[in-house]
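Because the structure is a prediction, the values reported are computed rather than measured. Order of the sequence lines fixes the chain letters, A, B, ..., with proteins taken first and strands second; residue numbering starts at 1 for each chain.
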Amino acid sequence: MPELPEVQTTVSFLNKKLKNKKIEKVVVLSAKQFLGNPQKLVGKTIRRVERRGKLIVFVLEKKLFLLIHLKLTGQLVFAASLRDKKATFPEPLPFAGGKVLPGKSTRIILYLFPQGAVFFNDLRKFGWMKVGGESLLKKETAALGVEPLSAEFNPQYLEKIFAKTKRAVKIVLMDQHLIAGVGNIYANEALCRAGISPQRPANKLTAEEIRKLCRAIKEVLKEGIKFRGTSAADDAYVQPNGRQGRFQKYLQVYQREGEKCFRCGGKIKRINLGGRGTFFCPRCQR
DNA sequence: AAGATTGTTGCTTA
DNA sequence: TTAAGCAACAATCT
């Protein structure tokens with residue numbers, strides 16, 4: 001599932017490829033997933049592509065914004081050469097791994113000028129796109145918490161938010177109103193690296209544990225970005241070039257139920273926290 | 001074949 | 001008033 005590292009990988013790629021290109025045509029195949037009027041996008045130049053938490057922000061000319069949330073299974077795939085093929089729209093395009101775009105789970109297509117296209121694929125249809133002005137951008141980002149890779153995210157900040165709640169620490173890490181961008185994969189991995197049980201009440205962590213956890217979160221997110229995100233076995237995430245990320249090779253607990261802990265050899269356990277699959281080593285994480 | 005899964009919102013309950 | 005828990009959303013897998 002796309003979390004901060006996957007979204008950042010997507011945004012970095014698209015920012016390079018889409019800058020100063022114009023949106024020439026929008027095809028909405030799944031109406032419920034496009035909020036607002038798609039025609040507003042037509043003819044607009046893309047100034048840059050940014051990220052806020054897990055939200056993707058296309059900054060367009062004339063103070064217009066295209067906001068995209070990938071939710072569980074969304075992906076943005078870029079096809080650079082579409083125009084070279086003199087395609088009539090829409091037309092299947094041979095793609096990396098022998099796949100064809102648009103595919104079965106393609107929900108929205110942005111055709112670009114002078115060439116190229118962005119395919120919004122989303123198997124489970126939870127993701128969305130919204131067009132609007134600064135008021136929309138403000139509305140959608142207002143409730144988001146601190147960026148975990150910013151200086152503002154430090155042990156003092158964690159201490160402050162942890163003190164206010166006895167919820168399980170993992171649930172707090174995944175609360176987008178408090179920390180923007182950490183999801184299930186990276187919350188599990190950060191807690192493992194910090195040696196802290198995901199079930200611990202947040203307000204019971206020691207100052208030392210909070211320092212360790214803060215560092216672990218930053219570390220694991222940076223590594224996730226370095227390896228271009230996590231494409232787990234049943235994970236729909238791919239980079240915009242259609243290739244998988246590589247961070248799944250370095251996961252220590254996520255989706256490793258019953259397997260051996262790399263540190264102590266104990267069995268990785270799976271429990272349910274806040275309705276989410278939670279993985280940890282009961283021996284290493286206390 | 002019902003239940004689990006999964007991020008986020010919004011409702012209900014405490 | 002606020003925090004915590006949970007259904008709902010869509011589709012797939014078990």
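Evaluated for a side chain to side chain contact (heavy atoms under 4.5 Å, CB included) with V172(A), the options T165(A), I179(A), L205(A), N203(A) yield exactly one hit, T165(A).
Residue G277(A) is in sugar-phosphate contact alone, with no base atom involved, counting any heavy-atom pair closer than 4.0 Å across all strands shown. When heavy atoms are screened at a 4.0 angstrom cut-off, D175(A) is found touching no nucleic acid atom at all. Across all strands shown, T73(A) has no heavy atoms under 4.0 Å from either base or sugar-phosphate atoms. The residue N184(A) sits close only to the backbone: its heavy atoms come under 4.0 Å of sugar-phosphate atoms, none of a base.
Under 4.0 angstrom from either OP1 or OP2 of dT5(B) there lies at least one side-chain N or O belonging to R270(A). The side chain of N272(A) places no N or O atom within less than 4.0 Å of a non-bridging phosphate oxygen (OP1 or OP2) of dA4(B). Residue H69(A) places none of its side-chain N or O atoms closer than 4.0 Å to OP1 or OP2 of dG7(B). Residue K71(A) places none of its side-chain N or O atoms closer than 4.0 Å to OP1 or OP2 of dC9(C).
Side-chain N/O atoms of R124(A) and base N/O atoms of dT6(B) include a donor-acceptor pair closer than 3.5 Å.
Under a 3.5 Å cut-off, the side chain of E147(A) and the backbone N or O of R52(A) do not form any donor-acceptor pair.
Between F58(A) and F65(A), the ring center distance fails the sub-6.0 Å criterion.
Using a 4.0 Å cut-off between a side-chain N of Lys or Arg and a carboxylate O of Asp or Glu, K130(A) and E140(A) qualify as a salt bridge.
Both K32(A) and K164(A) lie close to DNA chain C; mapped to their nearest nucleotides by heavy-atom distance, the more 5′-ward contact belongs to K164(A). DNA chain C is contacted by both K125(A) and R276(A); R276(A) maps to the nucleotide lying nearer its 5′ end (nearest heavy atom per residue).
In this structure, CG of L273(A) is placed 13 Å from P of dG7(B), rounded to the nearest angstrom.
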